[in-house]
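A, B, ... follow the sequence lines: proteins, then strands. Residue 1 opens every chain. No hydrogens, no waters, no symmetry mates; every other heavy atom, side chains included, goes into these values.
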Amino acid sequence: MSNRLVNILVPGVSVILGLLVGAVVMMVSGYDPVEGYIALWNGIFGDAYTIGETIRQITPYILAGLAVAFAFRTGLFNIGVEGQLIVGWFAAAYVGITFDELPKMIHLPLAIIAAALAGALWGFIPGLLKAKFKVHEVIVTIMMNYIALHTSNALIRAVSDGGDNTGGINPTASLRSEFLENMTDFSRLHYGILIALAMVLVMWLILEKTTRGFELKAVGLNQHASEYAGMNVNKNIILAMVISGAFAGLAGAMEALGTFGYASVKGGFTGIGFDGIAVALLGANTPLGVIFGATLFGSLKYGATNMPNEAGIPEEIVSIIIAIIIFFVASGYVIRLLLERFSKKKEAK
Amino acid sequence: MEHVIEMLNIRKEFGNFVANDNITLQLKKGEIHALLGENGAGKSTLMNVLFGLYQPEGGEIRVRGQEVKITDPNVANNLGIGMVHQHFMLVEDFSVTENIILGSEPTKGGMISVKAAAKKVQELSELYNLNVDPYAKIEDISVGMQQRVEILKTLYRGAEILIFDEPTASLTPQEITELIQIMRRLIEEGKSIILITHKLKEIMDVSDRVTVIRKGKGIGTVITSETNPNDLASLMVGRQVEFKTVKGVANPTTDVLEIKDLVVCDYRGVEKVKSLNLQVRKGEIVGIAGIDGNGQSELIEAITGLRKVKSGQVFMNGQEITGQRPRKVTESGVGHIPQDRHKHGLVLDFPVGHNIALQTYYSSPNSKNGFMDYSAISKKANEIIRKYDVRTQGDHEPARALSGGNQQKAIIGREIDRDPDLLIAALPTRGLDVGAIEFIHQRLIEQRDKGKAVLLISFELDEVMNVSDRIAVIYDGQIVDTLDPLQTNEQELGLLMAGQTKNGTQSTQVKEEGSTHV
Ligand SMILES: Nc1ncnc2c1ncn2[C@@H]1O[C@H](COP(=O)(O)OP(=O)(O)OP(=O)(O)O)[C@@H](O)[C@H]1O
Ligand SMILES: [Mg+2]
């Protein structure tokens, strides 16, 4: 069986298996799986509005997934996407509310860049610590998540004189699109999806086309050989974290400038950054794969919110079903194995 | 006659590529059975099938007459089959003992008891003169030592049938003699051995029978006492092979590499290179002869910028390069075939083509304005693949999939092709078949004749004596003598390498200017 075919079949079969097991869970707990899945379907593709909202939900997932995938491909495990996203969110909102005389042409890019820079800074610190002191990035990035959460909360209170919300950004910094909103029955769909897709291309370009990408990948795969080949291992580790963090920061910008138009004090993590890990894994850490992973994740997450309304399935059960589907896709390894066995038997005949 | 192992008509495919094409190998109880073939002939593949790492597409395996399915290495272990791999399978961060017990950890009340295991390892190590410290960390010990750990691992598990995949490739002549003694002792104890080696001398020395394979096909099995190295070589290659390296006289001119009072420490901070002096001139090959662990690795790493220099100086073409980054050293005209091809030489998960570009990826024509030109890389890679006979399915194949010898040929091709002023070749022919060794030696001599300098580090006296124009003997971090290969012999070299002076006394301090030109 060709590799490409396997790469397509595995996620497909996984999703179907996940849906089947999810159906069993619904049946066991006394709900109609058909009704449940129709509700899920309607929640994702039901009408123009849900489609718009689904795409809106997918947008930050793409960027968070890219952040994780990029780090993976360069030999790093970035658990800090969540924190990088949060600082990006705040930075974008801050720039959004602070300037009010700027033309959109300048203000919007400025806010987006601020988010990327904030995320990049949040990635730079663990990168630096890893390069200089061999501190494992997983530990540092986890801690950085908490620092991000509480720092951004404190900053939001500071800029709002003790309030819990930065207040709305100026329209000149907004990603909102009347055109997209009209097209999707006034969903919150915004131009961010275009940025996310552009970043998919950027990641692909960096890794597959640039000389820097060659180095980043080499360092990720074998530091000794990279050093032998004259690469600056430390610089590449730091840069990998910076780029990964920038992607994550952009995910924050999507929320700040698109979906919400403000930053507010958070009681806990958004979860998008952590889900980014699953998105990247589902997508086998490739740029295109991330689109697939984010689409699956975003659709399920958003569509599931319709299951309690339409099919009366409690949210807890819905969470379990979504988790099961994702579990099956993530454990694609097992399915890959089964497929191999299966195809071998066929060949032997 | 009882066969302990019978591999009958084994077929193994990788995609469309047939690595083993109906190969038959029968191992008698108590024999040492050599497996011979060119680089990429399919020897390691066949043994990986026997060890359960690969599942064959066809054929059958019988162990002591019983047909068996060896689905994974545990099954092989239970059948009493142990394997010492060509590329070590050791966890770098673990100690020797931890590596040996990995997968069958002895426990005491739920806790792994390393202590008892370490004691057993120590005993085994002493019994077979392996000289391995059970508590040493793998990443800190030499390649030669790692090999011995692999050997210990099978001994520890009490295998009855031992597969040795090129165990002698990285051992010194003395160590090889010791290993051969170990093998003989194992046979006395009723064990049976399959030995893969490219060294025909060893095969003639130690084996009872030889099975030859060529390009994945079984050629046949011969009785060692009824054959000779020449016949074996032509059986395996399919044509006549030249053994003696032909070369004219050297015409050395000015110094390319000059090392002055170099001091280098190892990972523990212990001085391994002690005030070493050495010159290599244009148009000559200087061979460094010495027993593994006398500072060779540290010396090379210090020259190439991979290791800190404590004191002293290194000059390339008169320019000081002491303590420069590897990139600077490379650009000053140094090529380096590293001792450990998997650690330094290759990014195993990169395609062969990327690996061939590993030293030049950043410069034109491979890279322009920060963007890679992968078609240029591919073109160059294919040129080198062809010229150096790297057997691969293409430059897109991951380096990992190549046989050990072919990985080595790719590295050598990469380094020589850049035509460096100084080529540092550390164990360049390790794991190569006789044909390929001859080819590489010719390339080294060709570089010399072009007026380039070559620094050859080898544990094999044959190689050092055949290829070098000057032999520098290293002992305890110093060049203790420099000899003319035509006026010395293995005896003399052996004594010097063991730290004796020519008149037989233990050398304490190097003679002043011990490295002046001959
Ligand atoms: N996992 C793999 N995937 C694809 N091809 C492989 C794989 N392993 C080995 N091969 C190919 O099979 C052939 C035989 O390889 P093998 O390692 O058995 O050679 P070998 O006889 O041990 O050579 P050497 O003396 O160089 O170690 C080679 O051409 C190699 O490229
Ligand atoms: Mg091999």
Around A/Phe292, counting heavy atoms of other residues, nucleotides and ligands shown, do more than 12 lie under 6.0 Å from its CZ?
yes
Within this structure, what is the OG-NZ distance for the pair B/Ser367 and A/Lys209, rounded to the nearest 0.5 Å?
12.5 Å
What part of B/His354 is in contact with chain A, defined as an atom under 4.5 angstrom from a non-hydrogen atom: side chain, backbone, both or neither?
both
Do you know the tightest heavy-atom contact between B/Leu358 and A/Ala229?
O-CB, 3.3 Å
Quick check on A/Gln223 against chain B: is it the side chain, the backbone, both or neither that has a heavy atom closer than 4.5 Å?
neither
Based on non-hydrogen pairs under 4.5 Å, which of B/Glu331, B/Glu301, B/His344 is most in contact with chain A?
B/His344
For B/Glu139, look at atom CD and say whether over 12 heavy atoms of other residues, nucleotides or ligands are found less than 6.0 Å away.
yes
Using a 4.5 angstrom heavy-atom cutoff, name the option from A/Asn232, A/Leu221, A/Thr211 with the most pairs to chain B.
A/Thr211
If you compare all heavy atoms of A/Gly230 against all heavy atoms of B/Pro326, which two are closest, and at what distance to 0.1 Å?
CA-CB, 4.1 Å
Applying a strict 4.5 Å limit to non-hydrogen atoms, the region of B/Glu415 in contact with chain A is side chain
Would you mind reporting whether A/Tyr228 and B/Pro338 have side-chain heavy atoms less than 4.5 Å apart?
yes
Give me the atom names and distance for the closest heavy-atom approach of B/His342 to A/Asn222.
O-ND2, 3.3 Å
I want to check something: taking the side chain as every heavy atom from C-beta on, are B/Leu346 and A/His224 in contact at a cut-off of under 4.5 Å?
no
Are a donor atom and an acceptor atom from the side chains of A/Glu208 and B/Tyr374 found within less than 3.5 Å of each other?
no
In this structure, are over 12 heavy atoms from other groups packed under 6.0 Å from B/Lys328 atom NZ?
no
Non-hydrogen side-chain atoms of B/Arg325 and A/Glu227 separated by less than 4.5 Å
no
Check whether A/Arg212 reaches the backbone of B/Gly370 with its side chain - one donor and one acceptor, N or O, closer than 3.5 Å.
no
Between B/Met372 and A/Thr210, the two heavy atoms sitting closest are CG-O, 3.4 Å
Qualifying residues under ring-ring contact (aromatic ring centres under 6.0 Å, His included), relative to B/Tyr362, sequence neighbours excluded:
none
If one checks every heavy atom of B/Thr304 against chain A at 4.5 Å, the contacting part turns out to be neither
